[in-house]
Number of protein chains: 2
Amino acid sequence: MDTRILIADDHSMFADGIESILNEQEGIQVVGKCYDGASILPYLKKNEIDIILLDVNLPEKNGIEVCKEVIAAFPEMKILAISMFNQESYVTEILKNGAKGYILKNTGREELMQAIQTVTEGNTFFSKDVTQTIMRGLMNERKGGTPSKGFIPKITRREKEVLKLIVQEYTTQEIGEKLFISLKTVESHRSSLLAKVSVRNTAGLVRKAIEHKLLD
Amino acid sequence: MDTRILIADDHSMFADGIESILNEQEGIQVVGKCYDGASILPYLKKNEIDIILLDVNLPEKNGIEVCKEVIAAFPEMKILAISMFNQESYVTEILKNGAKGYILKNTGREELMQAIQTVTEGNTFFSKDVTQTIMRGLMNERKGGTPSKGFIPKITRREKEVLKLIVQEYTTQEIGEKLFISLKTVESHRSSLLAKVSVRNTAGLVRKAIEHKLLD
DNA sequence: GGAAGTATAGGGGAAAACCCTCATTTTCTA
DNA sequence: TAGAAAATGAGGGTTTTCCCCTATACTTCC
């Protein structure tokens, strides 16, 4: 029986490409594609799938949340995470939530095949680069003593508005004028944002906003 | 005779995927792939190519520079730009430099085929989203009167070091300590960076740094 | 029908970023 | 090897961000 694969990535050109690569292979069959996080769980309820290739950085509902939900509903599901970013918080977080592997988008096709096979068999696969990241993460782990989180906050509607304007280079003053609220209110939102995404300053805020696709 | 295609993208999984899609098609043949900007021109000198699928956001030497060089050496070369970002400055700039089309990575395979065919025939193709962006750009154009640039700077070695640390949330003070230079020197570099990428503040700097892959 | 969460807003202060001008040394490169 | 570009640094100022604290009105959810 073929290994049945679901591809979940919001870039359809990428998803189509992977599909095309995989369908050339023996014993593998791409049976579905999802272009956003929300449609994955409904799909799984109607179709038999062996392994999900899951983009970590999905818009709306991100890959980590999706992963958690999927594992909750289908504890045996094999999930191979795929991402542009080789960042420790992503890797550890999605693994905590049940993913069985993590590869980067600059992975070649042989390695991709190997990863799929490994995960399908119930084992775990990491790209070489990712392994290094994890190791580096483990090194730095328990030293500051921080509970070591580093991700998914829940941004409110208003905070997101403010965040978008920050990324567009507006100052706090200007944001207040645009949204018809006081400078102090904007400052409050900024503070919450810094705390929620756990960064020190605007630079980190903008970086995480982009990496975590907080701007849709 | 088949249309001979060169794919230039640093994410090999993506490049492989596109290759796989295209090789399924009649009359099309992917004859090469480049994973960075520097290897494109040498490749073209040794191989006959009809059309290049060029990622705008290549590391090291970006897509726009590559495009310029390629057109300088091969004025008749057909270039179809592909990007994650639907941003006006990218679109207009790469078109100025000789690209014949611009599509996003969330483009489906039918549209991709259509784009390739269109461009190969010497015509111009834009994704629907991109067309809107261009229109919006034209609207806002000649009103501030700015010479309307909006991009490619040449970041020096030291500036890049500083930039990386900024993105990693270090303050000017800390950057100075890390690089063993004075706070004032770091400020100088920050100023140059703001000017070169033409943004107002750190938020814009970080955004552009990521979008333009200034951090490799 | 409270409790939790969100949006609002203020005071006050410290730190950081931003801006301008200028000058010296080092390093590339034509 | 001379000039350009890059890296260094300073003085002195303004603006913005960040960080405490507190506090009220409104929504939403259990």
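Sequence lines set the chain letters: A, B, ... in the order given, protein chains first and strands last, and positions in each chain run from 1.
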Between B:Lys105 and A:Phe14, is NZ or CZ placed under 6.0 angstrom from the six-membered ring centre and within 45° of the ring axis?
no
Just to verify, what does A:Lys78 make a salt bridge (Lys or Arg N to Asp or Glu O under 4.0 Å) with, not counting sequence neighbours?
none
Quick one: pull up CD1 in A:Ile79 and CD1 in A:Ile94 and give me the separation to the nearest 0.5 Å.
7.0 Å
Rounding to a whole Å, what distance do you find between A:Ile181:CD1 and C:dA9:P?
6 Å
In this structure, how many angstroms lie between the P atom of C:dT6 and the CG atom of A:Leu179, rounded?
18 Å
About how many Å separate CD1 of B:Ile175 and CZ of B:Arg190, when rounded to the nearest 0.5 Å?
5.5 Å
Using every non-hydrogen atom in the two residues, find where B:Tyr35 and B:Ser12 come nearest and quote the distance to one decimal.
CE2-CB, 3.4 Å
Set of side-chain contact (heavy atoms from CB on, under 4.5 Å) partners for A:Leu41, sequence neighbours left out:
A:Leu44, A:Lys45, A:Glu69, A:Val70, A:Ala73, A:Phe74
Passes side chain to side chain contact (heavy atoms under 4.5 Å, CB included), A:Lys196 versus A:Ile155? Steps please.
CA-CA 8 Å; A:Lys196 284 188 180 178; A:Ile155 305 297; 4.3 Å; yes
Kindly say if A:His189 contacts the phosphate of C:dA9, meaning a side-chain N or O under 4.0 Å from OP1 or OP2.
no
Just the rounded figure in Å: distance from C1' of D:dA6 to NZ of B:Lys160.
15 Å
Just N and O in the side chain of B:Thr156: are any of them under 4.0 Å from OP1 or OP2 of D:dA5?
no
B:Leu183 CG - D:dA10 P separation (whole Å)
9 Å
Contacts of B:Glu174 meeting side-chain contact (heavy atoms from CB on, under 4.5 Å) (sequence neighbours excluded), chain-then-number -> A:Arg200, B:Tyr170, B:Thr171
Run the salt bridge (Lys or Arg N to Asp or Glu O under 4.0 Å) test against A:Lys100 and tell me which residues pass, sequence neighbours left out.
none
Could you pull out all residues at least two apart from A:Glu187 that satisfy side-chain contact (heavy atoms from CB on, under 4.5 Å)?
A:Thr172, A:Leu183, A:Lys184
Protein within reach of the bases, or only the backbone? For nucleotides 12-19 of chain C, mark each nucleotide 5' to 3' as B, S or -, using heavy atoms under 4.0 Å.
B----SBB
With sequence neighbours excluded, tell me which residues meet side-chain contact (heavy atoms from CB on, under 4.5 Å) with A:Ala209.
A:Leu163, A:Val167, A:Leu214, A:Leu215
Any residue meeting salt bridge (Lys or Arg N to Asp or Glu O under 4.0 Å) with B:Arg158, in chain and number order, not counting sequence neighbours
B:Glu161
Give the rounded distance in Å between these two atoms: CG of A:Leu193 and P of C:dT6.
12 Å
A:Ile175 CD1 to C:dA9 P, in whole Å, measures 14 Å
Taking CD1 from B:Ile155 and C1' from D:dA6, how many angstroms apart are they, rounded to a whole number?
13 Å
A:Arg4: salt bridge (Lys or Arg N to Asp or Glu O under 4.0 Å) partners, not counting sequence neighbours:
A:Glu48, A:Asp50
Side-chain donor-acceptor pair present, A:Ser83, A:Asn57, cut-off under 3.5 Å
yes
Rounded to 10°, tell me the angle between the two end axes of the helix from C:dG1-D:dC30 to C:dA30-D:dT1, each built from five pairs.
70°
Protein heavy-atom contacts under 4.0 Å, written 5' to 3' over nucleotides 21-30 of chain C as B (base), S (sugar-phosphate only) or - (none), form the string ----------
Please enumerate all protein N or O atoms sitting under 3.5 Å from an N or O of nucleotides 23-30 of chain D, with distances to 0.1 Å.
none

Phosphate contact (C:dT8 OP1 or OP2) by A:Thr185 side-chain N/O below 4.0 Å
no
Nearest whole angstrom, please: distance from the C1' of D:dC18 to the CD of B:Glu169.
13 Å
